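A quick write-up on the structure given underneath.
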Amino acid sequence: MVFSGGSTVVRAALAVHPGSGHGAAARAVDAVVARIRPVVDDLAVVCADTVAQSRALMERAKDSGLDVVVVLGGDGSAHQGVQFCADNDVALAVVPAGTGNDFARALGLPGEPVPAAEVVAQALAEGRRRRIDLGRLDGGPWFASVLCAGFDSAVNERVNRMRWPPGRRRYDLAIVAELAALRHRPLVVDTGDERLELVATMVAVGNTPYYGGGIPVCPAAAPADGLLEITVVGEASRIDLLRILPTLRTGDHVRHPFVHTLRARRVELGPPNDWIAYADGERLGPLPITIDCVPGALTVVC
């Protein structure tokens, strides 16, 4: 537990994903430990190379009593931390060391591991925490940032197959490549209060604004308002998408006439098609899916 007024966390685990950011997490681990250890009473450092290892190590740490998990890695690593912490009511801190770092960005953290660790350490020392919402698939996993399907999930599939270049440029190249293979599908977006039926290029459901290394695809999304922000791009041509691309980095894409935005506590996406849903950069599965916003589902150190 945490006591305010400068008291320290009783017990913490630092979950390190050494391969994140092409080894950035492994290179930063000693510096991060040096900043976290002085502000907690006990720190267990666990390293995992796979999702299964990560889950097993977190469960083992929980059995010994755990107040907070600090994840050193990218968005995929943070996604695994979210699953564990939301299910077990353990606080989560994120030290970004990946290629996208979108969840850390939404929390207002620096983009480099050591400066972010210093911010996290100060928050731990001062007992600063808050509860945020999460998205959750019906009967499935949690997500903290953005769930997407369509063009953008095809970009994710391509990015996951690429080994070069690093960081944001990888997404930019994948976008260009997927433009050549552009495909539209019938889409139904049903919030209960609103229903869209259209031929679409993509859909994004945001608990926070960012995906793809800093793209504010759902610019109005806020992680503590109890709502999801939904961005739907209709039957856009390659030329239309090329016109949108420069506005993605600013969030002005929502002004285009074939872009629709909705806000909802719950949304159903269908019908069945070959679109694959991704959330927090992780592959989840095909449509149809139902997504809920769960208010206050996760405690974050910030």
Side-chain angles (χ1 to χ4, degrees), residues 75-76 78-79 82-83 86 100 102-103 105-107 132-157 159 171 184-234 236 244 248 251 253-254 256 258-298:
D75 284 318
H79 179 77
V82 166
Q83 309 312 304
D102 288 309
F103 185 40
R105 181 178 288 104
L107 294 178
I132 66 169
D133 308 335
L134 292 176
R136 193 173 201 183
L137 272 66
D138 189 17
W142 305 91
F143 68 92
S145 298
V146 175
L147 179 145
C148 63
F151 176 78
D152 42 6
S153 60
V155 169
N156 261 314
E157 296 255 84
V159 165
Y171 286 94
H184 306 96
R185 294 290 184 269
L187 179 70
V188 176
V189 181
D190 192 344
T191 69
D193 296 321
E194 297 181 76
R195 181 180 174 92
L196 284 179
E197 296 186 43
L198 72 169
V199 176
T201 304
M202 58 157 281
V203 59
V205 180
N207 181 57
T208 57
Y210 305 106
Y211 77 166
I215 296 173
V217 66
C218 299
D225 64 356
L227 295 169
L228 300 165
E229 182 81 6
I230 306 155
T231 300
V232 184
V233 179
I244 286 181
L248 279 172
H253 59 284
V254 297
H256 287 264
F258 46 79
V259 176
H260 310 269
T261 59
L262 306 87
R263 291 170 64 79
R265 178 69 63 87
R266 179 181 177 92
V267 60
E268 298 178 8
L269 303 178
N273 59 36
D274 60 356
W275 279 2
I276 302 298
Y278 271 71
D280 299 342
E282 297 296 294
R283 195 179 200 271
L284 299 184
L287 272 56
I289 55 175
T290 301
I291 309 156
D292 287 288
C293 178
V294 183
L298 179 69

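Remember, predicted model here, so these are calculated numbers, not experimental data.
For the atom pair OG1 of T231 and NE2 of H253, the computed distance is 5.0 Å after rounding to the nearest 0.5 Å. Here the straight-line distance linking atom CZ of F143 with atom CD of E282 works out to 13.5 Å at 0.5 Å rounding. Rounded to the nearest 0.5 Å, atoms CD1 (I230) and CG (L147) are 10.5 Å apart. C148 contributes atom SG, which lies 8.5 Å from atom OH of Y278 (distance to the nearest 0.5 angstrom). Distance check, rounded to the nearest 0.5 Å: CG of L196 to CG of L262 gives 5.0 Å. One distance of note links CG of D133 with SG of C293; it measures 4.0 Å at 0.5 Å rounding.
Closest of all the heavy-atom pairs between A86 and L134 is CB-CD1, 3.7 Å. Across A221 and E229, no two heavy atoms sit closer than the pair CB-CB, 3.7 Å. The two residues L284 and P141 come nearest to each other via the heavy atoms CD2-CG, 3.8 Å. Annotation for T208 and S145: closest pair OG1-CA, 3.0 Å, computed over non-hydrogen atoms. In terms of heavy atoms, V205 sits closest to C218 at C-SG, 4.2 Å. When all heavy atoms of L228 and G135 are compared, the closest pair comes out as CD2-CA, 4.4 Å.
Counting heavy atoms from C-beta outward, D280 and D102 have side chains that stay 4.5 Å or more apart. Between V217 and Y210, every side-chain heavy-atom pair lies at or beyond the 4.5 Å cut-off. Within the 4.5 Å cutoff, the side chain of P271 has no heavy atoms near those of the R185 side chain. No side-chain heavy atom of D138 sits less than 4.5 Å from a side-chain heavy atom of I289. Contact of the V259 side chain with the I244 side chain is registered, since non-hydrogen atoms from C-beta on lie closer than 4.5 Å. No side-chain heavy atom of V188 sits less than 4.5 Å from a side-chain heavy atom of E268. Using a 4.5 Å heavy-atom cutoff, the side chains of R266 and T290 are in contact. Considering only heavy atoms from C-beta on, L187 stays 4.5 Å or farther from E197 through its side chain.
Here the side chain of Q83 pairs a donor or acceptor atom with the backbone of H79 at under 3.5 angstrom. With hydrogens and angles ignored, the 3.5 Å screen pairs a side-chain donor or acceptor of D75 with a backbone N or O of F103.
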Derivation of the side chain to side chain contact (heavy atoms under 4.5 Å, CB included) call for D152 and Y211: CA-CA 10 Å; D152 42 6; Y211 77 166; 3.2 Å; yes
Practice problem: Check the pair R136 / D292 against salt bridge (Lys or Arg N to Asp or Glu O under 4.0 Å), numbers first and verdict last. | Solution: CA-CA 5 Å; R136 193 173 201 183; D292 287 288; over 6 Å; no
Self-check item: L298 and W142: CA distance, side-chain angles, deciding distance, side chain to side chain contact (heavy atoms under 4.5 Å, CB included) verdict
Solution: CA-CA 10 Å; L298 179 69; W142 305 91; over 6 Å; no
